[in-house]
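Note sheet for the following structure.
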Amino acid sequence: MTQAHDHWSLKFTQDVHFGYVGDEVSGPRQFNPRLVLNQDGSTVEHTLLEELARSDGFTFSVAFISPGAIAQLKQHLLDFEGTGQIITSDFLGFNQPEAFAELMKLSEHTGVDVRRHTGEGFHPKGYIFEQAQCITAVIGSSNLTSSALS
């Protein structure tokens, strides 16, 4: 292994420890992992909007989407100037026709590519944001619903 790889590996390990295990070990915060729990002013909605504002592209892949969550994010998505994709499903019949209708309207007005996954058991909860020099992934248990956002 090279010295550069060892340096990268040490910084990554320190940041993971700092972000997820405990802050008693200082990390350089270059990779900045963090846990979002919808408490103490830190919400999934705030995190998504923060990442969306600094990104050139995004992909949301979630099983469930509610019309209320679309309403919460709608203006930010309309203002977004990059490329975007939203992938959802009809898993368990959760998504209401109104949610699909709102997604299609959003797609017409923004160019956000909306896809419905038709496979069995599609149940992801992930948000990917692309910037010039990095990619941010928000992975966890939050679908695109009002309650999950806040």
Is any side-chain heavy atom of [Y] closer than 4.5 Å to one of [X]?
{"X": "Val138", "Y": "Thr47", "result": "yes"}
{"X": "Ile135", "Y": "Phe129", "result": "no"}
{"X": "Asp113", "Y": "Arg115", "result": "yes"}
{"X": "Ile139", "Y": "Lys125", "result": "no"}
{"X": "Thr88", "Y": "Leu103", "result": "yes"}
{"X": "Leu144", "Y": "Leu73", "result": "yes"}

**OP:** Give a yes or no on whether a salt bridge exists between Glu108 and Lys105, defined as a side-chain N under 4.0 angstrom from a carboxylate O.
**Re:** no

**OP:** Answer with yes or no whether the hydrophobic clustering places Ile128 together with Leu49; edges join I, L, V, M, F, W, Y residues whose side-chain heavy atoms lie under 4.5 Å apart.
**Re:** no

**OP:** Assess whether atom CZ of Arg54 is packed by more than 12 heavy atoms of other residues, nucleotides or ligands within 6.0 Å.
**Re:** yes

**OP:** Using ring pair (Phe, Tyr, Trp, His ring centres under 6.0 Å) as the criterion, list what pairs up with Phe58, not counting sequence neighbours.
**Re:** Phe60, Phe80

Original post:
Residues in ring pair (Phe, Tyr, Trp, His ring centres under 6.0 Å) with His123, at least two apart?
Top reply: Phe64, Phe91

Output yes when a side-chain donor or acceptor of [X] lies under 3.5 Å from a complementary backbone atom of [Y], and no otherwise.
{"X": "Ser107", "Y": "Val112", "result": "yes"}
{"X": "Thr110", "Y": "Leu78", "result": "no"}
{"X": "Thr43", "Y": "Gln39", "result": "no"}
{"X": "Asn38", "Y": "Val44", "result": "yes"}
{"X": "Tyr127", "Y": "Ser142", "result": "yes"}

**OP:** Apply the test side-chain contact (heavy atoms from CB on, under 4.5 Å) to residues Leu106 and Val114: give CA-CA distance (whole Å), side-chain angles for both, the deciding distance (0.1 Å), then the verdict.
**Re:** CA-CA 9 Å; Leu106 189 63; Val114 176; 5.7 Å; no

Subject >> Ser66 to Ala99 - nearest heavy-atom pair and separation >> reply: C-CB, 4.4 Å

Original post:
Can you name the nearest heavy-atom pair linking Ala69 to Ser146, along with the distance?
Top reply: N-OG, 3.3 Å

With rounding to the nearest 0.5 Å, note down the distance linking [atom1] in [X] to [atom2] in [Y].
{"X": "Leu48", "Y": "Leu52", "atom1": "CG", "atom2": "CG", "value": "8.0 Å"}
{"X": "Thr136", "Y": "Glu50", "atom1": "OG1", "atom2": "CD", "value": "9.5 Å"}
{"X": "Ile70", "Y": "Glu98", "atom1": "CD1", "atom2": "CD", "value": "10.0 Å"}
{"X": "Ser61", "Y": "Gln85", "atom1": "OG", "atom2": "CD", "value": "8.5 Å"}

Original post:
Which residue, Glu81, Gln131, Glu130, forms the side-chain hydrogen bond (donor to acceptor under 3.5 Å, both in side chains) with Ser55?
Top reply: Gln131

